[in-house]
2 protein chains.
Amino acid sequence: MNLLSQRWIGLIIYQLLSGPQRFCHIEAAIGVSGKVLSERLKDLENEGIVERNIYPETPVRIEYSLTEKGLAFESILRDIEHWSQSWLEA
Amino acid sequence: MNLLSQRWIGLIIYQLLSGPQRFCHIEAAIGVSGKVLSERLKDLENEGIVERNIYPETPVRIEYSLTEKGLAFESILRDIEHWSQSWLEA
DNA sequence: ATCAGTCAGTTACTTTATGTAACCTATTAT
DNA sequence: ATAATAGGTTACATAAAGTAACTGACTGAT
């Protein structure tokens with residue numbers, strides 16, 4: 001709960017459910033500042049929820065993806081989605 | 001999501017799942033400051049998730065409880081609980 | 001009548017978190 | 001050499017949260 005009630009955590013995981021993504025892409029998609037995204041991704045990596053993969057291409061590409069632990073979050077987020085659809089019509 | 005990622009919202013709803021409760025009780029149970037609890041309860045009331053019931057006893061008793069919309073949150077919170085138990089053993 | 005106690009908050013002030021925009025480092029292309 | 005791109009970080013400003021003291025309505029005891 002302390003995890004989810006941190007701002008952006010839910011949206012970041014939700015965003016990553018659609019597949020591995022790079023820093024800039026996540027930033028643009030959910031509208032979080034680079035500073036906070038950087039902090040959150042480090043936290044999520046330490047929690048073992050997110051993985052950081054470096055592809056030494058040119059230019060370098062770094063992708064963030066969910067681990068098994070992170071993927072297990074999906075049902076929670078689908079549930080939230082479902083609740084929203086049922087109750088936030090107004 | 002913007003709702004749940006506000007600090008304390010999840011814990012307040014979780015706490016209210018165990019039944020109607022008064023201000024002081026919620027405050028003590030989850031360790032939120034009176035100031036923020038007051039704000040959050042107002043927000044939740046405006047969202048139609050929480051109800052405020054006044055019992056003009058002596059001294060006055062005011063209880064907060066979940067509406068139908070709020071009770072529909074239960075499955076989300078149970079899911080989070082379940083996830084925690086599965087993954088936060090370490 | 002006055003003092004202390006309870007409940008449900010509010011207010012003033014401090015600390016922490018977040019946002020903004022500029023900057024840094026490494027690599028490659030021109 | 002200069003500029004562009006990716007992936008951040010830093011310094012500074014604003015917003016949110018914590019703390020502790022206070023208000024206001026009521027009651028019960030002195």
Side-chain angles (χ1 to χ4, degrees), chain A residues 1-67 70 77 80, chain B residues 1-67 70 77 80:
Chain A
M1 220 37 263
N2 17 346
L3 184 74
L4 250 191
S5 59
Q6 271 187 97
R7 217 147 29 183
W8 300 112
I9 290 283
L11 284 176
I12 291 169
I13 297 176
Y14 186 80
Q15 184 62 31
L16 287 176
L17 280 176
S18 57
Q21 288 166 53
R22 348 170 117 185
F23 192 93
C24 288
H25 189 237
I26 303 172
E27 190 176 0
I30 66 179
V32 63
S33 70
K35 178 192 166 190
V36 173
L37 180 54
S38 172
E39 280 173 14
R40 291 298 185 269
L41 286 171
K42 274 176 203 157
D43 293 349
L44 287 169
E45 214 189 331
N46 290 333
E47 295 274 355
I49 291 170
V50 159
E51 258 178 354
R52 187 174 191 270
N53 301 111
I54 305 175
Y55 301 92
E57 301 172 355
T58 172
V60 68
R61 182 164 56 101
I62 296 175
E63 283 192 342
Y64 294 90
S65 59
L66 296 173
T67 61
L77 295 171
I80 293 173
Chain B
M1 222 34 266
N2 16 345
L3 184 74
L4 251 190
S5 58
Q6 271 185 99
R7 214 141 38 179
W8 299 112
I9 290 281
L11 285 174
I12 292 170
I13 297 176
Y14 185 79
Q15 184 62 31
L16 287 175
L17 280 176
S18 57
Q21 289 167 53
R22 348 170 118 185
F23 192 93
C24 288
H25 189 237
I26 303 172
E27 190 176 358
I30 66 179
V32 63
S33 70
K35 177 194 166 190
V36 172
L37 180 56
S38 171
E39 280 173 12
R40 290 300 185 267
L41 287 172
K42 274 177 203 156
D43 293 348
L44 288 169
E45 213 190 334
N46 290 333
E47 295 275 353
I49 292 172
V50 159
E51 257 178 355
R52 186 174 190 270
N53 300 112
I54 305 175
Y55 302 92
E57 301 172 354
T58 174
V60 67
R61 181 164 55 100
I62 296 175
E63 283 190 342
Y64 293 91
S65 59
L66 295 173
T67 61
L77 295 171
I80 293 173

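Below, chain A is the first sequence line, B the second, and so on; all start at residue 1.
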Exercise. B/R61 side chain N/O closer than 4.0 Å to the phosphate oxygens (OP1, OP2) of D/dA25?
Worked result: no
Exercise. Between D/dT19, D/dG7, C/dT18, which nucleotide has the shortest distance from any of its atoms to the side chain of B/S33?
Worked result: D/dT19
Exercise. Rounded to the nearest Å, what distance is computed from the NE2 atom of residue A/H25 to the C1' atom of nucleotide D/dG8?
Worked result: 18 Å
Seminar exercise, completed: On DNA chain C, more 5' by nearest nucleotide between A/V32 and B/E27 is B/E27
Exercise. Of the nucleotides D/dG8, D/dA6, D/dG18, which has the atom closest to the A/F23 side chain?
Worked result: D/dG8
Seminar exercise, completed: Distance col, row A/Y55:OH vs A/R22:CZ, nearest 0.5 angstrom, shows 10.5 Å
Seminar exercise, completed: Taking for A/E39 and for A/R7 the nucleotide of DNA chain D with the nearest heavy atom, the one nearer the 5' end belongs to A/E39
Exercise. Between B/S38 and C/dT10, is there a side-chain N or O to OP1/OP2 distance below 4.0 Å?
Worked result: yes
Exercise. Which whole-number value in Å describes the distance from A/I54 CD1 to D/dG7 P?
Worked result: 10 Å
For this session: Taking the side chain as every heavy atom from C-beta outward, state whether A/V32 and A/R40 have any atom pair closer than 4.5 Å.
Result: no
Exercise. With respect to the phosphate group of D/dT9, does any side-chain polar atom (N or O) of A/K42 fall under 4.0 Å of OP1 or OP2?
Worked result: yes
Exercise. Considering the options B/V50, B/I49, B/L4, which one meets the side-chain contact (heavy atoms from CB on, under 4.5 Å) requirement together with B/I13?
Worked result: B/I49
Problem set entry | DNA chain C: 5'-proximal contact among A/Q6 and A/V60 (nearest heavy atom) | A/Q6
Exercise. Do the side-chain N or O atoms of B/Y55 get closer than 4.0 angstrom to the phosphate oxygens (OP1, OP2) of C/dA8?
Worked result: no
Problem set entry | Nearest-neighbour nucleotide for the B/C24 side chain, C/dA8, D/dG18, D/dA6 considered | C/dA8
For this session: Would you please confirm or rule out a distance under 4.0 Å between OP1 or OP2 of D/dA17 and any side-chain N or O of B/R40?
Result: yes
